[in-house]
Amino acid sequence: MPSGGQIILSHLALACALLLATFAAVRWYIRDSYRVDGFSQKHVLITGCDSGFGNLLARQLDRKGFHVIAACLTEKGAADLAKAASPRLKTFLLNVTDSASVRSAVEFVSREVGERGLWGLVNNAGRSIPIGPTEWMQLEDFTKVLDVNLIGVIDVTLQFLPLVKKAQGRVVNVASILGRLSLTGGGYCISKWGVEAFSDSLRRDMQHFGIKVSMIEPGFFKTGLTRIDLIEADLKRLWTRLPQDVRNSYGAAYLDAYLKAQNFSMGMLCSPDISKVTRCMEHALTARFPRTRYGAGWDAKLFWIPLSYLPSFVSDFIVNVLLPSPKDERNA
């Protein structure tokens, strides 16, 4: 039996631990709330501003007084955004998969920022399809996604880095919870794992020059990347071009079952409130001490990110519950 003195000491140790934890939490909260000043003197470039996260972030930062430079893929996207923002916001066309287009963008942005440099670079442009079972893919299906989501991010970052360096600014790269946990085949998960690795390398290399690099890891949100009609149409395209023996191995009913399971999971998980993501982006650009990673959305914070730390057999079980099994499934 423990003595009275031992019990008192254990209670004191527990009380000290709780006090230290409380102090650390309060200190973190206060530190996290510090902001940089001079928003009206800062320029931020955002890619992928036709819709979704990039479009909302551009308007959000514009309202706060930033000089926003919004890169869009289409003329309509650029025109619509310009109408919705102040005259201070500038739009231009950019294809992140075209190095010549990126070089032209650097020239345009250099004229806009002058000697101040570029305070923020937000690599937001991305695509999701083709996604689906790995066996359904061809090499070009991977490269279509990788060229935008990974190679495009690297190219844009490298070409704009001198301007960011001049301002001792920020790089904010949009990754995904699928950059921690691969739930589907195709180039999307691969590209986001690559963004995570590239961002970590960049962060360590650039910290010596006063540049801070953050990653945004959204869960599932209703954007153009998660449009069910587009994903379904592309999955049907992939299915119809498969050799007959491959389709037979999955079974005639597999595609319909896969589409139903996907509709159910996306409908249950996708949040319409994309401001949860843009608030993280804004914090990464305005906080004096930005975080390295931002989990955005309840599903990212409470489910997917914790799941990514668990043994693989646990995540395998979850995925197997969410998706149907092929007809010719064999258990080892």
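The structure displayed is predicted, hence computed values, not measured ones.
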Going from [atom1] on [X] to [atom2] on [Y], what distance comes out if it is rounded to the nearest 0.5 angstrom?
X: Ile46; Y: Thr91; atom1: CD1; atom2: OG1; result: 12.0 Å
X: Tyr309; Y: Arg180; atom1: OH; atom2: CZ; result: 4.0 Å
X: Leu89; Y: Cys49; atom1: CG; atom2: SG; result: 8.0 Å

Report yes or no: does [X] contribute a side-chain atom to a donor-acceptor pair with the main-chain N or O of [Y] at less than 3.5 Å?
X: Lys42; Y: Asp37; value: yes
X: Asp299; Y: Phe220; value: yes
X: Asp50; Y: Thr74; value: yes
X: Asn95; Y: Ser101; value: no
X: Asp141; Y: Gln138; value: yes
X: Ser308; Y: Leu181; value: no
X: Trp136; Y: Arg237; value: no
X: Trp304; Y: Trp298; value: no

Is the closest side-chain donor-acceptor distance between Arg247 and Tyr254 under 3.5 Å? no

Does a donor on one side chain sit under 3.5 Å from an acceptor on the other, for Asp62 and Ser86?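 On atom types as modelled, these side chains qualify, holding a pair under 3.5 Å.
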
State yes or no: do Val174 and Leu269 share one hydrophobic cluster built from I, L, V, M, F, W and Y residues joined by side-chain heavy-atom distances below 4.5 Å, directly or via other members? no

Might you work through the side-chain contact (heavy atoms from CB on, under 4.5 Å) test for Thr223 and Thr226, ending with a clear yes or no? CA-CA 5 Å; Thr223 68; Thr226 55; 4.0 Å; yes

For Val113 and Ile69: C-alpha separation, side-chain torsions, deciding distance, then whether side-chain contact (heavy atoms from CB on, under 4.5 Å) applies. CA-CA 10 Å; Val113 304; Ile69 307 171; 4.2 Å; yes

State which residue, out of Arg35, Lys64, Arg170, fulfils the salt bridge (Lys or Arg N to Asp or Glu O under 4.0 Å) condition with Glu282. Lys64

NZ/NE/NH1/NH2 to OD/OE distance under 4.0 Å, Asp147 and Arg127: no

His43 and His67 aromatic ring geometry - parallel, tilted or perpendicular at 30°/60° bounds: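 Parallel, since the angle between the ring planes stays under 30°.
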
For Phe66 and Phe39, take the angle between the two ring planes, folded into 0 to 90°, and tell me which bin it lands in: parallel under 30, tilted 30 to 60, perpendicular over 60. parallel

Check whether any side-chain heavy atom of [X] sits under 4.5 Å from a side-chain heavy atom of [Y], and report yes or no.
X: Ile177; Y: Ile305; result: yes
X: Leu19; Y: Cys16; result: no
X: Ser325; Y: Asn320; result: no
X: Val314; Y: Leu307; result: yes

Could you go through the side-chain contact (heavy atoms from CB on, under 4.5 Å) check for Phe53 and Phe221 one step at a time? CA-CA 10 Å; Phe53 303 145; Phe221 287 89; 4.0 Å; yes

So which atom in Gln262 and which in Ile228 form the shortest heavy-atom distance, rounded to 0.1 Å? O-CD1, 4.5 Å

Residue pair Trp239, Leu259: steps toward the side-chain contact (heavy atoms from CB on, under 4.5 Å) verdict: CA-CA 12 Å; Trp239 174 261; Leu259 293 176; over 6 Å; no

